[in-house]
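Okay, structure first, notes after.
We number each residue from 1, following the sequence as shown.
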Amino acid sequence: MTVPTPAADYTLVQYTDITEAAAFVAALTRYLSSPRGSKYLLPASTAEVWSYVVGEVEAIERIEIYLNVVAVKAVETAFGHLPLSETRRGSQLPADCVQLIGGGGVEAWGVEEAQWHILAER
């Protein structure tokens with residue numbers, strides 16, 4: 001099982017709407033799978049995106065999206081500066097968070113696919 005790098009920094013972006021969280025993740029997958037975004041998936045330094053959902057599917061309180069430094073750079077290049085709330089070490093991320101992007105590859109998702117990955121893989 002893949003886990004966040006304990007000493008790495010991850011920036012938290014929070015959502016209360018699953019559709020908004022999924023749209024953000026889907027847009028990022030489309031950018032990273034494009035020729036311009038592929039530089040953020042180099043084996044030595046690849047973008048990582050993790051998610052954690054608080055609450056049951058029927059009553060989601062919030063969706064936490066964690067981005068490593070490389071993913072933050074990709075987001076800023078593709079979309080501009082996001083209001084990122086805080087930074088945590090990989091060792092501080094929830095134990096059952098799910099890796100959405102990482103490992104050197106990504107395929108372009110639509111909103112429904114991203115939502116499925118955020119919800120179904122937890």
Distance from Glu61 atom CD to Glu56 atom CD, nearest 0.5 Å? 9.5 Å

Same cluster or not: are Val69 and Tyr40 linked, directly or through other Ile, Leu, Val, Met, Phe, Trp or Tyr residues, by side-chain heavy atoms under 4.5 angstrom apart? no

Any carboxylate oxygen within less than 4.0 angstrom of a Lys/Arg side-chain nitrogen, looking at Asp9 and Arg88? no

Any side-chain heavy-atom pair from Val70 and Glu48 closer than 4.5 angstrom? no

Taking all non-hydrogen atoms of both residues into account, name the closest pair between Ala22 and Val111 and its distance. CB-O, 3.5 Å

Please name the pair of heavy atoms, one in Val75 and one in Phe24, separated by the smallest distance, quoted to 0.1 Å. CG2-CZ, 3.8 Å

Kindly compute the distance separating OG1 (Thr87) from CD (Gln92), expressed to the nearest 0.5 Å. 10.0 Å

Would a distance-only check, ignoring hydrogens and angles, find a side-chain to backbone donor-acceptor pair under 3.5 Å from Glu113 to Gly110? yes

Would the distance check show the side chain of Asn68 and the main-chain N or O of Thr46 forming a donor-acceptor pair, the cut-off being under 3.5 Å? yes

Could you grab the distance from atom CG of Leu41 to atom CD1 of Ile101, nearest 0.5 Å is fine? 8.0 Å

For the residue pair Tyr10 and Thr5, establish whether any side-chain heavy-atom pair is separated by less than 4.5 Å. yes

Indicate yes or no: at least one non-hydrogen side-chain atom of Tyr15 is less than 4.5 angstrom from one of Ser51. no

Check the surroundings of atom CD in Glu112: do more than 12 heavy atoms from other residues, nucleotides or ligands lie under 6.0 Å from it? no

Evaluate the side-chain proximity of Tyr52 to Leu12: yes if any heavy-atom separation is below 4.5 Å, no if none is. no

Restricting to non-hydrogen atoms, name the atom on Ala114 and the atom on Trp109 that form the minimum distance, rounded to 0.1 Å. CA-CE3, 3.8 Å

How far apart are the closest heavy atoms of Phe79 and Leu28, and which atoms are they? CZ-N, 3.9 Å

Where is the tightest heavy-atom contact between Tyr31 and Arg36, given as atom of each residue plus distance? OH-O, 3.7 Å

Side-chain touch Leu119/Ile60, heavy atoms, less than 4.5 angstrom: yes

Look up atom CD1 in Ile18 and atom CD in Gln115, then write down how far apart they are to the nearest 0.5 Å. 5.0 Å

Closest non-hydrogen contact found for Thr2 with Gln99 is CG2-OE1, 3.1 Å

